[in-house]
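Note that the structure is a prediction, hence the values are computed from the model and not measured. Throughout, residue positions are numbered sequentially from 1 according to the sequence presented.
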Amino acid sequence: MIKFLHCADLHLDSPFKGLSSLPEGLFQQLSDSTFVSFKRLIDLAISEEVDFVVIAGDLYDSGNRSLKAQSYLKNCFMKLNSYDINVYVVHGNHDPLDGQWVDLEWPSNVHFFDGNHIQTLYFEKKGRQVAALHGFSYETAAVTDDRTLHYPEKRDDLYHIGILHGQADGYSGHSRYAPFLLTELLKKGYDYWALGHIHKRIDLNIDPPVRYSGNIQGRHSGELGEKGGYIVTLNHNDVKSHFYSTSEIDWQECSVDLTEVDSLQEVILLCEKMISTHQHRNKGVLLVLKLTGQTQLYHDLLDGTFIEDLEEIMREEDYDSSFVHVVSIKNVTTPSLQEERSMKQSAFFQDLQSVLEDDGELQQAISELSTHRTARKYLELNEQDWEDIKQQAEQLLLSEFHKSR
């Protein structure tokens, strides 16, 4: 029997771009959150008495990793070494081997996989080999070839664990690095596949487990829910897994239905009630509220003034260990059915939809910003960011449209 911790995508020293407008104390807590979450994972590995830890890529957020992040990681690994717990690490697209860093001396329990080829490392327990771990580190930031064919097949009685930082075929939202097919992984006959790169917990296969553990700390509103790692036990053909949440702060999103609401006061009360349901002991929550439904308050919400005021009164001042901070309130309400039909039949609305559906128009609109020294630092937009921009643009134009009627 072997027992290990599977985690990935630590992104230590993540800059949390676009969130510097948060209150100073909260932003500092968020900035430290990746370190706090990893420390909790280390403490979990020790309390669970695992044999080893598997980290499936992206330990750091950048190839130019900071001394702070490296030193912190080294201290965590030294703590594991004092409990005779090994660590097996692959580097991913965010922290490739050709990055820049201070060359530290790592403790003997830490094993980094090489780049350019699939490497097999063996784990010994009580003087004999019991497990083979297969993987590779990214030698550069963009490994775009499928390397699954080069993983060896299982041909003995050892436990075999595949470690792969890459994108499963059919999944979007992340850069298509080290792409692979699930069918090819299953051909290897391994007992467990520890995957990294996708920041969501996903089981591609149950028996044997082929699993993304997700990242260890949500960094924006597109990375919702609890984050952490899995404790996995392999005992002959029996596999047991349990997810443990270690994230310091969780991102959550919820909807507030205004269909039957007829006053702005009631909107405030519903939002307060929703916030209270997200209060968790010893857990911070960054919450995005979405106002939804066909409502007679549609016009009152369009100009955004009430929404801005609502955001202010919903935000806490005290950010202790169990706060809920409303990051934003999104208005996605729609007008009454009759009014919506009238509006959508207008030539203005038809032109508006055409522009919003043309990604080229949007790219052209912000092209000058991408060449601006300061602005381009904040233009690393994911799919959710683009959808939010389109939605906000539509709301703004509709607001002006209604004012002119």
Inset, instruction - Kindly give the heavy-atom pair with the smallest separation between Ile307 and Leu291, and that separation in Å. - result: CD1-CD1, 3.5 Å

Legend entry - NZ/NE/NH1/NH2 to OD/OE distance under 4.0 Å, Glu139 and Arg147: yes

Inset, instruction - For residues Gly228 and Thr246, report the shortest heavy-atom separation together with the two atoms involved. - result: CA-OG1, 3.4 Å

Legend entry - Ring centroid separation Phe27 to Phe16 under 6.0 Å: no

Legend entry - Check: Tyr138 ring centroid to His91 ring centroid under 6.0 Å: no

Inset, instruction - Please check if the side chain of Tyr212 supplies one atom and the backbone of Ala168 the other of a donor-acceptor pair under 3.5 Å. - result: yes

Legend entry - From Tyr190, Tyr159, Tyr151, Tyr192, residue fulfilling ring-ring contact (aromatic ring centres under 6.0 Å, His included) relative to His134: Tyr190

Inset, instruction - Decide, yes or no, whether a salt bridge links Arg201 with Glu226 under the criterion of side-chain N to carboxylate O below 4.0 Å. - result: no

Inset, instruction - Tell me whether the centres of the aromatic rings in Phe180 and Trp193 are closer together than 6.0 Å. - result: no

Legend entry - Side chains of His197 and Asp58, donor plus acceptor under 3.5 Å: no

Legend entry - Shortest non-hydrogen contact between Glu253 and Lys290, atoms and distance: OE2-CD, 3.3 Å

Legend entry - Side-chain ion pair, Lys283 and Asp250, N-O less than 4.0 Å: yes

Inset, instruction - State, with a plain yes or no, whether a side-chain heavy atom of Leu59 is found less than 4.5 Å away from one of Arg65. - result: no

Legend entry - Ring center gap for Tyr244 and His242 short of 6.0 angstrom: yes

Legend entry - His199 versus Glu223, side-chain donor and acceptor atoms under 3.5 Å: yes

Inset, instruction - Would you mind telling me which of Lys125, Lys3, Lys126 makes a salt bridge (charged side-chain N to carboxylate O under 4.0 Å, His left out) with Asp51? - result: Lys125

Inset, instruction - Indicate whether any N or O donor in one side chain lies under 3.5 Å from an N or O acceptor in the other, for Ser37 and Ser247. - result: no

Inset, instruction - Compare every heavy atom of Met314 with every heavy atom of Cys271, then report the nearest pair and how far apart it is. - result: CB-SD, 3.9 Å

Legend entry - Closest non-hydrogen atom pair, Leu73 against Trp106: C-CZ3, 4.1 Å

